[in-house]
Colleague: 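Structure incoming, see below.
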Amino acid sequence: MKNKNIFSLWSFLIISLFTILIVYPLFMLGREAFTESGTTSFTLDNLKRLFHPRYLKIIWNTFYISFYTTLLSIGIGIPMSLFIWKQNFWGKDELVSLLIIPFMVPSYILVMFIMVLFSRNGIINVVIGRFLNNTEYILPINLLFDLKGILAIFLVHNLVLVIYMMLSFLSSINPSYEEAAISLGATPFTAIRKVILPIMNPVILGSGMLIIARAMSSYAVIFLIGGKRYKTLSVEVVSQAFGYLDINFSSALAIAVSVMTTITMYSYINVSRKRKAMQ
Amino acid sequence: MKILTIILKVLVFVCLASFIFLPILVLGFLGFTQDWTQIFNPSFTVEWFLSVPQIFSKAILYSLILAFITMCLTLVVSSLVAYLILREKITRFSGVIDVLIMLPLTIPQIVLGLAFMITFNQPPLRLYGTFGILILGHFVVTMPYAFRNIRSTMENFDFSILEAAICLGASEPIALRRVILPAIAPSLLASSLFSFVFSLANFPMTYIIAPAGIRTIPLVLFGYIESEIGGANYRLAGCLSLYLIGLVILLSMVVRKLTGRNFVE
């Protein structure tokens, strides 16, 4: 009996630790969102302000960037991982295990890489200029301050994510499915399209959800490369809080973005749980 | 058809290889040359690279201390929670605890940082502007990863030796300390290196809650990139980022060697 008491004390301690550190701050954030700035009175104005065209544009940008990132990473990642899975080439295993390197390079450092390589007076433009014997003319390759640069950096991280997720799933597929399809007269290409791809659907959906959530919550890359043109919700949260010092409205924006990421992350968790149950 | 496959293989190989090594090569070129815009006749130097520890000594020190404290905290708390859950000391609330610990994964770190800033700037817990809030913030954002890894390390551990020790007359605390701890400590330490790496490279949370005087390596780098945008002198930042990347990649390779797990999930 004594033993039991001690351990329910443990669960009380652990739950209260994480309530103070996670739930309570989020509750305070929510309270700020419903408070008029400068006073303590209740208001819905901050939430109404979210539907102002200026902020609708920002919400749209958030969706736009995460949608394109997902589309690109999955569109490139699936054929690539299928190719890596089917074909054997020199140094394949080493390369796949070294893919962790670009994934572990923090994204703000990749911004510096983009600047050095792809900005207006970056290495690529200088090299092209030298080959065209035309050093005065600045060539048009420029990923800085542009949506392309943001997508390029997101692509680096998320492509690794997609390839790892796909490969770990593909290695668990029973090879007899494909062999059966081929022995029944399907070409290898048809076998992949009609047999393997449908089995992969849950993984594709899951990785898509994960990428959407990651892109929505990203801050540093969009702030550094997007400049003023491409603001997303995460960037606007910071600029409202530290630029305009409007904590209340910034909290409302923060709640909007967390609702979006929480929904996608929970559907990701559900999808992967279902997949594990199926296997 | 055969030629096409070979061409494709070469193409994929080149793509993957450049994908992996290009960022580091470019940053290395940036850090080790006098002027990176002179690509065709570069003059190499190690002057910048060697001066980094001196110039950024404070930032490096802060980052390492913070990462070390975060690692110790997450190691202790997550092994305690994982042990209590796995040995069914906590049965009724284990689901609640799991959701609570995993919650920071679903919320952007920027938002969590803002919530921390609002909450710990008020009387009951006035921590804003101290090193303490940084530790708490890093603890919260690295906890999901640390907990998941330490829990799966413990799930793979055979606890029947604990029962054997208890059968032989040891009390549970003594059995834990003398039998389980020596056996499980190396793999627990390896899993907790995850939190060290995450804390070391963490930017968004640190950016919001860091006190004015305390600037970790990611904050210093961000400041460089932000202020020098369009300029030409990122040599120091390039060298500093090489240090950070080197440490992060080295540690992640060590973790993978020791635990067989990736950072990618």
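Reminder, nothing fancy here: chain letters follow the sequence lines and each chain counts from 1.
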Colleague: For B:I208, is it the side chain, the backbone, both, or neither that has a heavy atom closer than 4.5 Å to a heavy atom of chain A?
Modeller: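 For B:I208, heavy atoms of backbone and side chain both lie under 4.5 Å from chain A.
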Colleague: Among A:N88, A:V156, A:I247, which residue forms the greatest number of heavy-atom pairs with chain B at distances under 4.5 Å?
Modeller: A:V156
Colleague: Checking B:I97 against chain A: side chain, backbone, both or neither under 4.5 Å from a heavy atom?
Modeller: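 Only the side chain of B:I97 comes within 4.5 Å of chain A.
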Colleague: Please report the closest heavy-atom contact between A:F83 and B:T5, naming both atoms and the distance.
Modeller: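 Reported closest heavy-atom pair: CZ-O, 4.4 Å.
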Colleague: Find the one option among B:V81, B:L112, B:I101, B:V96 whose heavy-atom pairs under 4.5 Å with chain A are most numerous.
Modeller: B:I101
Colleague: Heavy atoms, side chains only, cut-off 4.5 Å: are B:I245 and A:M104 in contact?
Modeller: no
Colleague: Any heavy-atom pair between the side chains of A:Y219 and B:P108 that's under 4.5 Å?
Modeller: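 When only atoms from C-beta onward are counted, A:Y219 and B:P108 do not touch, as no gap falls below 4.5 Å.
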Colleague: Taking side chain as C-beta onward, heavy atoms only, is A:M112 less than 4.5 Å from B:L30?
Modeller: yes
Colleague: Tell me, for B:I20 versus chain A, whether the close heavy atoms (under 4.5 Å) come from the side chain, the backbone, both or neither.
Modeller: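 Backbone plus side chain of B:I20, per the 4.5 Å heavy-atom cut-off to chain A.
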Colleague: To the closest 0.5 Å, what do you measure between CZ (B:F120) and CG (A:L21)?
Modeller: 5.5 Å
Colleague: Checking the side chain of B:R256 only, and the main-chain atoms of A:S97 only, is there a donor and an acceptor separated by less than 3.5 Å?
Modeller: yes
Colleague: Please look at B:I110 and chain A and tell me whether the side chain, the backbone, both or neither of the residue comes under 4.5 angstrom of a heavy atom of that chain.
Modeller: side chain
Colleague: Do you know which two heavy atoms are closest between A:A254 and B:L114, and how far apart they sit?
Modeller: CB-CD2, 4.1 Å
Colleague: Shorter than 4.5 Å, heavy atoms on both sides: which option in A:V116, A:T264, A:V105 has the most such pairs with chain B?
Modeller: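 Sorted descending by pairs with chain B, the first entry is A:V116.
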Colleague: List the atom of A:I22, the atom of B:P104, and the distance in Å for their closest heavy-atom pair.
Modeller: CD1-CG, 3.7 Å
Colleague: Under 4.5 Å from any heavy atom of chain A, what part of B:L8 do you find: side chain, backbone, both or neither?
Modeller: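 Looking at B:L8, backbone and side chain both touch chain A.
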Colleague: Under a 4.5 Å heavy-atom cut-off, does chain A meet the side chain of B:V10, its backbone, both or neither?
Modeller: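 Answer is neither: B:V10 stays 4.5 Å or more from chain A.
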Colleague: Working to the nearest 0.5 angstrom, can you tell me the gap between B:F116 CZ and A:L26 CG?
Modeller: 9.0 Å
Colleague: Drop me the distance from A:T262's OG1 to B:L103's CG, to the nearest 0.5 angstrom.
Modeller: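 Reported to 0.5 Å precision, the distance equals 7.0 Å.
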Colleague: Would you call A:I84 and B:L16 a side-chain contact if the rule is heavy atoms closer than 4.5 Å?
Modeller: yes
Colleague: Inspect the surroundings of CG in A:L245 and state if more than 12 heavy atoms from other residues, nucleotides or ligands are less than 6.0 Å away.
Modeller: yes
Colleague: Any idea which heavy atoms bring B:M117 and A:F242 closest together, and the distance?
Modeller: SD-CZ, 3.6 Å
Colleague: What are the two closest heavy atoms between A:M80 and B:C15, and how far apart are they?
Modeller: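 In terms of heavy atoms, the two residues are closest at CE-CB, 4.2 Å.
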Colleague: Just say parallel, tilted or perpendicular for the rings of B:F13 and A:W90, cut-offs at 30° and 60°.
Modeller: tilted
Colleague: Quick check for you: to the nearest 0.5 Å, what is the distance between B:L100 atom CG and A:T19 atom OG1?
Modeller: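 One gets 5.5 Å once the value is rounded to the nearest 0.5 Å.
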Colleague: Please check if the side chain of A:T261 supplies one atom and the backbone of B:T106 the other of a donor-acceptor pair under 3.5 Å.
Modeller: yes
Colleague: Closest heavy-atom contact between B:A115 and A:P25?
Modeller: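 In terms of heavy atoms, the two residues are closest at CB-O, 3.4 Å.
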Colleague: With the side chain counted from C-beta on, respond yes when A:Y108 and B:P218 share a heavy-atom pair under 4.5 Å apart, and no when they do not.
Modeller: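 Yes. Closest side-chain heavy atoms under 4.5 Å.
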Colleague: Taking side chain as everything from C-beta outward and backbone as N, CA, C, O, which of these in B:V141 sits under 4.5 Å from a heavy atom of chain A? Side chain, backbone, both or neither.
Modeller: neither
Colleague: Does the side chain of A:I101 come within less than 4.5 Å of B:M253's, by heavy atoms?
Modeller: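 The answer is yes, as the side chains (C-beta and beyond) meet within the 4.5 Å cut-off.
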Colleague: So what's closer than 4.5 Å to chain A heavy atoms on B:P23: side chain, backbone, both or neither?
Modeller: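 Both the backbone and the side chain of B:P23 come within 4.5 Å of chain A.
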Colleague: Contact part of B:I6 toward chain A, heavy-atom cut-off under 4.5 Å: side chain, backbone, both or neither?
Modeller: neither
Colleague: Do A:L224 and B:F222 touch side chain to side chain, with heavy atoms closer than 4.5 Å?
Modeller: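 Yes. Closest side-chain heavy atoms under 4.5 Å.
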Colleague: Any side-chain heavy atom of B:I225 within less than 4.5 Å of one from A:M115?
Modeller: yes
